[in-house]
2 protein chains.
Amino acid sequence: MKIKKNARPTMVDVAHRAGVSQMTVSRAISGKGYVSEDVKLKVEAAAQEIGYVQNRLAYGLRSENTHLIAVVLPSLANSVFTDVLTGITDAVTIHGFRPVFGVTEYSQESEEKLVQDLLSWRPYGIVLAGIEHSEATRKAIISSGIRVAEIMDVESTPISIAFGLSHKDAGKKTAEYMLSKGHRRFIYVGSQGGRDLRALKRFEGFIEALNEAEATLISTEISTLPSSLAGGLSVTEKILQSSDKPDAIYYANDDLAAGGLMYCISNGIRTPEDIALAGFNGLPFLDAFPIQLTTVRTPRYEMGWKAGNYLVDPSLASYPEGESCIDVGFELIKGDTC
Amino acid sequence: MKIKKNARPTMVDVAHRAGVSQMTVSRAISGKGYVSEDVKLKVEAAAQEIGYVQNRLAYGLRSENTHLIAVVLPSLANSVFTDVLTGITDAVTIHGFRPVFGVTEYSQESEEKLVQDLLSWRPYGIVLAGIEHSEATRKAIISSGIRVAEIMDVESTPISIAFGLSHKDAGKKTAEYMLSKGHRRFIYVGSQGGRDLRALKRFEGFIEALNEAEATLISTEISTLPSSLAGGLSVTEKILQSSDKPDAIYYANDDLAAGGLMYCISNGIRTPEDIALAGFNGLPFLDAFPIQLTTVRTPRYEMGWKAGNYLVDPSLASYPEGESCIDVGFELIKGDTC
DNA sequence: TGTCTCTGTGTTAACGTAAACATAAGCATA
DNA sequence: TATGCTTATGTTTACGTTAACACAGAGACA
């Protein structure tokens with residue numbers, strides 16, 4: 001007779017206590033296969049009594065389904081990505097899956113390592129934020145054979161399917177609206193040292209519209225720091241105190257823009273008369289501002305939800321045949337600042 | 001000869017290609033045991049060529065160490081918890097561990113299920129936000145035998161060790177400061193329908209100080225919704241327009257308080273002359289406000305970091321013998337609103 | 001009555017890895 | 001030369017689970 005100290009109970013222990021075979025315990029617990037009602041109750045009672053907890057490692061190894069969904073995000077500091085993660089979590093949890101995430105800090109290099117590492121958990125599917133990845137990352141995912149969904153962006157060729165929006169278009173539409181309000185001289189404010197590729201695409205679309213209208217981009221102010229209200233505030237102060245003051249500022253996102261707006265509110269600077277402002281994301285905290293910022297609202301939770309649903313059960317969502325980019329769209333919030 | 005279609009390469013496949021045994025591959029890859037330099041290179045090359053990715057399920061099952069750290073949080077919507085999660089992630093990643101999280105939405109019932117589920121992954125350790133748990137949760141964790149760290153709070157008996165702060169004390173200190181500024185008539189504003197136990201503790205300490213000073217708590221306004229700036233703004237508007245206006249408002253957290261402050265800024269209401277305000281958390285976005293909110297700054301990242309470090313290597317941090325609650329403290333930011 | 005289907009249960013093997021043990025060569029030391 | 005230690009590698013087994021197969025009894029139907 002074997003005696004193990006400190007060992008956690010297994011199905012064999014439950015089986016002994018319930019007076020059945022280990023396989024019957026497996027069937028009773030998983031609900032697969034035939035088990036009589038009284039045996040099932042006996043097994044459940046025995047499991048309860050000895051505090052049996054299933055071992056998902058053994059389950060996953062044998063059944064070849066971990067019920068894990070890997071999630072790769074640039075950051076947790078930005079609520080944009082926690083919204084997405086919440087959407088994914090809600091969607092996959094319903095189907096008995098669990099998200100397991102990692103953070104890249106906007107670096108393709110760390111994304112590569114992270115994906116390798118997450119794949120070693122043999123996830124059922126993987127969600128990548130963004131659509132640009134290193135060749136090694138793409139190769140690793142493709143050869144793993146698991147389902148992939150890319151989110152946030154649709155402006156490139158996805159590995160398999162993408163749920164996102166056109167950032168270039170969002171930038172362009174924002175510029176067109178600002179131009180329509182008569183603004184002609186712009187400054188662009190970015191962050192993350194330009195590593196946020198989606199922000200760059202918005203900027204690209206923005207520039208395109210400026211060029212078409214023959215308007216002027218005076219300069220760009222790109223900090224290497226992460227976005228923050230305080231950062232947006234200080235750069236706005238600097239811009240407004242310079243000799244070559246613009247008509248309007250386009251910020252890479254709402255954190256920066258809200259900082260700018262806060263500067264204006266605090267200093268009695270009228271918007272859009274003295275300066276026009278626009279951001280991106282449509283973050284909910286903007287609702288508390290006395291002045292509605294011009295911005296673009298994005299369906300973040302929805303992108304996560306859709307990607308999660310697609311991964312755990314592609315049949316749930318019937319997408320156009322052959323369509324690999326699902327554009328979830330965006331909404332231009334015209335606001336009071338342009 | 002076996003032929004498997006679509007199967008992902010294993011150590012056996014690498015072994016064949018490198019002309020060695022599977023065990024040698026295991027040793028070459030894990031770095032444990034003796035492997036000659038040229039064999040190691042051969043194995044690494046073979047692994048690279050066939051795209052070998054380690055199977056963490058098999059690794060964890062056999063080695064009895066998943067290198068997973070389970071993390072239980074109330075929510076991802078509040079940046080307080082993403083700060084904590086980032087601290088945990090940073091700490092454990094260095095030691096080759098990976099966080100795997102779940103969200104309770106402030107419900108002990110869902111915490112119970114979640115913990116059960118996370119334990120089935122056989123994590124090396126678990127972090128729980130908060131120190132109050134159902135008996136079943138405590139029992140499940142204790143009988144699992146894994147390391148536990150509880151964070152955010154120190155005002156109860158932890159299962160093993162807690163890294164947190166005294167919320168009651170924070171509430172009391174805030175009240176004492178407000179009282180010292182001459183405020184006598186208070187309203188408390190909460191959210192989450194009172195399910196945030198730490199907010200309740202702050203309120204308790206707050207009340208205690210009011211009672212000692214024989215000051216008045218006019219009423220409490222507790223919404224069932226999650227905290228938001230917009231929610232804080234609207235309740236503040238309601239309070240300031242009522243006939244029984246208080247001297248001061250104590251908010252459960254900075255989101256609500258910032259909404260209140262925003263209302264004051266937008267409507268030319270002077271603070272603290274017309275109304276005094278105080279919040280809790282010390283969120284960074286407050287730095288962009290023209291008026292510094294009175295609040296309490298908490299070391300969120302640090303709590304996560306310490307808990308993570310403790311779990312993966314308790315010897316790293318030598319804590320006072322027998323001390324089960326590590327108080328990380330807090331800082332009262334006096335600000336301009338009291 | 002034979003046999004077919006459905007239900008319930010048990011036995012054996014396998015998932016991919018690392019621990020434990022075995023073996024053997026090389027080399028220094030007694 | 002015998003002994004013991006270090007290095008390098010292989011073989012066997014076990015981790016806890018589920019898939020696949022086997023089998024037997026009950027009931028239905030020809």
(request) Could you pull out all residues at least two apart from Glu302(B) that satisfy salt bridge (Lys or Arg N to Asp or Glu O under 4.0 Å)? (result) Lys306(B)
(message) Restricting to side chain to side chain contact (heavy atoms under 4.5 Å, CB included), what partner residues turn up for Pro9(B), sequence neighbours left out?
(response) Asp13(B), Ile50(B)
Any protein N or O atoms within reach of nucleotides 9-11 of chain D? Criterion: under 3.5 Å, listing atom names and distances.
from	atom 1	to	atom 2	distance (Å)
dT9(D)	OP1	Ser36(B)	OG	3.1
dT9(D)	OP2	Ser36(B)	N	2.7
dT9(D)	OP2	Ser36(B)	OG	3.2
dG10(D)	OP2	Ser21(B)	N	2.9
dG10(D)	OP2	Ser21(B)	OG	2.8
dG10(D)	OP2	Thr24(B)	OG1	2.5
dG10(D)	N7	Arg27(B)	NH2	2.6
dG10(D)	O6	Arg27(B)	NH1	3.2
dG10(D)	O6	Arg27(B)	NH2	3.3

Identify all pairs in which a protein N or O lies below 3.5 Å from an N or O of nucleotides 23-26 of chain C, and state each distance.
none

(message) Just to be sure I understand the geometry, which residues of residues 139-146 of chain B put a non-hydrogen atom under 4.0 Å away from DNA chain D?
(response) none
(request) For the side chain of Gln54(B), starting at C-beta, report the closest nucleotide among dT18(D), dT17(C), dG16(D). (result) dT17(C)
Please tabulate, for the side chains in residues 51-62 of chain B, all donor-acceptor contacts under 3.5 angstrom to protein atoms that are two or more places apart in sequence or on a different chain.
from	atom 1	to	atom 2	distance (Å)
Asn55(B)	OD1	Leu57(B)	N	2.8
Asn55(B)	OD1	Ala58(B)	N	3.2
Tyr59(B)	OH	His67(B)	NE2	3.2

(message) Looking only at side-chain N and O atoms, does His133(A) offer a donor or acceptor that is under 3.5 Å from a partner on Gln108(A)?
(response) no
(message) Closest approach to the side chain of Lys32(A), judged atom by atom: which nucleotide of dC15(D), dT18(D), dA19(D) is it?
(response) dA19(D)
(request) Can you tell me the distance, in whole Å, between the CG atom of Leu57(A) and the P atom of dT18(D)? (result) 12 Å
(message) According to salt bridge (charged side-chain N to carboxylate O under 4.0 Å, His left out), does anything in residues 117-144 of chain A pair up with another residue at least two apart or in another chain? List the pairs.
(response) Asp117(A)-Arg98(B), Glu132(A)-Lys201(A)
(request) Could you list all the side chain to side chain donor-acceptor pair (under 3.5 Å) pairs where at least one residue sits in residues 19-35 of chain A, not counting sequence neighbours? (result) Ser21(A)-Thr24(A)
(message) When you measure only distances, ignoring hydrogens and angles, does the side chain of Arg62(A) come within 3.5 Å of the base of dT17(D) through a donor and an acceptor?
(response) no
(message) Test of understanding: with side chain to side chain contact (heavy atoms under 4.5 Å, CB included), list the residues that count as partners of Ala162(A), not counting sequence neighbours.
(response) Ile131(A), Glu150(A), Pro158(A), Cys325(A)
(request) Taking atom types as modelled, find out whether Ser63(B) and Asn65(B) have a side-chain donor-acceptor pair closer than 3.5 angstrom. (result) no
(message) To the nearest 0.5 Å, what is the distance between CZ on Phe163(B) and CD1 on Ile151(B)?
(response) 9.5 Å
(message) Checking side-chain polar atoms at under 3.5 Å, does Thr137(A) have a donor or acceptor matched by the opposite partner on Ser134(A)?
(response) yes
(message) Angle between the two end axes of the helix from dT1(C)-dA30(D) to dA30(C)-dT1(D), five base pairs per end, rounded to 10 degrees?
(response) 50°
(message) List the residues meeting side chain to side chain contact (heavy atoms under 4.5 Å, CB included) with Ala70(B), not counting sequence neighbours, and say none if there are none.
(response) Leu118(B), Pro123(B), Ile126(B)
(request) Sort and list the pairs that fulfil side chain to side chain donor-acceptor pair (under 3.5 Å) and have at least one residue in residues 71-90 of chain B, not counting sequence neighbours. (result) Asp83(B)-Arg300(B), Asp90(B)-Tyr301(B)
